[in-house]
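Let me begin by presenting the structure, written as structure tokens, before commenting on it.
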Amino acid sequence: MARVRLSVAERREELLRAAVDQIEARGVTAVRISDVASALGVSNALVLYHFSTKEQLVAAAFSHAAEGDLARLRQLLGRRSTAERRLRAAVRWYAPTGQAKGWRLWIEGWAASLRDPGLREVAASLDREWKAALARVIAEGVDAGEFRCADPTAAAWRLTAFLDGLAVQTTAYTGSLPRATLLRWADAALARELGLPEETVGGALAAAPGAAGPHEENDEDEANGENEGTGGTGENGEDGAAGPPGS
């Protein structure tokens, strides 16, 4: 059966998706150009035509994943809803619950970026955009009188630092905490930053055994997404993220 001829943009997209999958499966250090080529049934030369080195391919794959995560974040934060509800949806999606592949990808990226300046910039850029997006919505909520927060930027830093730390622990040590506990902690962290009683952020939903984690579509806010949302779903909307991540 003849292989479908793809445009340059389509081929790059296919290669980047395959690279993300291979990095998740093998890790940044172990992954090879030939792994990506084999996964797609193409030659090494074709991969190298689009990305002249493994380092370029890996950096581009992380950029690709980052854009998907940011698109999803923009969708969550761009809904026609209160700032509190939008922040809760974003924090719950970002939180390290379930088995979202995005966190494994981003932890790999953080580790590799210690020795790879190009990858470090990709990770740092994503991190800056996450914090800035959260800070903007926190500031909107303050301006609207929903809650009090003296320093939205510092609050966004503390929230992401807390969730990043949880992600490293729970990804490295599978089963270390129940998902319901992680959701309660995420809700509690958000409540503290917004100066709200913990039970008002998440409430019964956070403690419910069937409460959805990030990248799952049966969260209360997720379920209302079509009515509230203003944008399209990001490419990694179901598998994550974030990371700053994903995941």
Side-chain angles (χ1 to χ4, degrees), residues 69-98 100 102-103 126-170 177-208 211-225 227-231 234 237 240-247:
D69 282 351
L70 286 168
R72 179 62 169 152
L73 178 67
R74 294 183 192 112
Q75 181 200 22
L76 292 171
L77 295 181
R79 291 174 173 173
R80 294 187 297 272
S81 184
T82 65
E84 179 189 332
R85 283 177 62 84
R86 286 180 284 151
L87 287 165
R88 184 180 66 118
V91 165
R92 280 176 159 249
W93 177 67
Y94 189 91
T97 60
W103 277 115
L126 174 64
D127 188 64
R128 288 192 296 268
E129 291 201 51
W130 268 91
K131 289 180 172 70
L134 290 175
R136 282 193 297 271
V137 179
I138 293 171
E140 288 175 18
V142 172
D143 291 342
E146 291 184 39
F147 44 74
R148 295 180 180 181
C149 179
D151 189 340
T153 298
W157 271 76
R158 287 189 294 268
L159 274 171
T160 53
F162 172 72
L163 295 171
D164 288 348
L166 277 182
V168 172
Q169 287 284 312
T170 56
L177 285 169
R179 188 172 70 178
T181 298
L182 292 170
L183 288 172
R184 284 197 300 271
W185 288 3
D187 285 339
L190 179 60
R192 286 193 298 271
E193 294 297 344
L194 304 184
L196 296 172
E198 184 176 330
E199 61 271 15
T200 68
V201 180
L205 179 63
H215 324 295
E216 297 184 37
E217 298 300 321
N218 61 327
D219 181 282
E220 178 188 31
D221 284 316
E222 300 297 293
N224 293 335
N227 294 329
E228 295 178 354
T230 58
S247 320

Atom pair CH2 (Trp157) and CG (Asp164), whose distance is rounded to the nearest 0.5 Å
10.5 Å
Could you list all the side chain to side chain donor-acceptor pair (under 3.5 Å) pairs where at least one residue sits in residues 139-152, not counting sequence neighbours?
Arg86-Glu140
Can you give me the closest heavy-atom contact between Ala135 and Ala156, atom names plus distance?
N-CB, 3.9 Å
Which residues satisfy the salt bridge (charged side-chain N to carboxylate O under 4.0 Å, His left out) test with Arg136, sequence neighbours excluded?
none
Working to the nearest 0.5 angstrom, can you tell me the gap between Lys131 NZ and Leu126 CG?
9.0 Å
Calculate, to the nearest 0.5 Å, the distance between atoms CG and CZ belonging to Leu77 and Arg85 respectively.
13.5 Å
Considering non-hydrogen atoms only, spot the tightest contact between Pro152 and Ile138 and give its length.
CB-CG2, 3.7 Å
Please give me the minimum heavy-atom distance between Ala90 and Leu76, naming the atom from each residue.
CA-CD1, 4.0 Å
Sequence-distant partners of Phe162, side chain to side chain contact (heavy atoms under 4.5 Å, CB included), two or more places apart:
Leu166, Trp185, Ala189
Pro197 to Ala191 - nearest heavy-atom pair and separation
O-CB, 4.1 Å
When rounded to the nearest 0.5 Å, the distance separating CZ of Arg74 from CG of Asp69 is 10.5 Å
With Arg158, which residues qualify under salt bridge (charged side-chain N to carboxylate O under 4.0 Å, His left out), at least two apart?
Glu193
d(Leu194 CG, Arg88 CZ) to nearest 0.5 Å is 12.0 Å
Heavy-atom pair with the smallest gap, counting every atom of Leu73 and Trp130:
CD1-CZ3, 3.3 Å
Leu134 CG to Thr153 OG1 distance, which is reported to the nearest 0.5 Å:
10.5 Å
Heavy-atom closest contact (Gly141 atom, Phe147 atom, distance):
CA-CZ, 3.4 Å
Please tell me if the side chains of Leu190 and Glu84 come closer than 4.5 Å, counting only heavy atoms from C-beta onward.
no
Do Arg184 and Thr181 come close enough that some side-chain heavy atom pair is under 4.5 Å?
yes
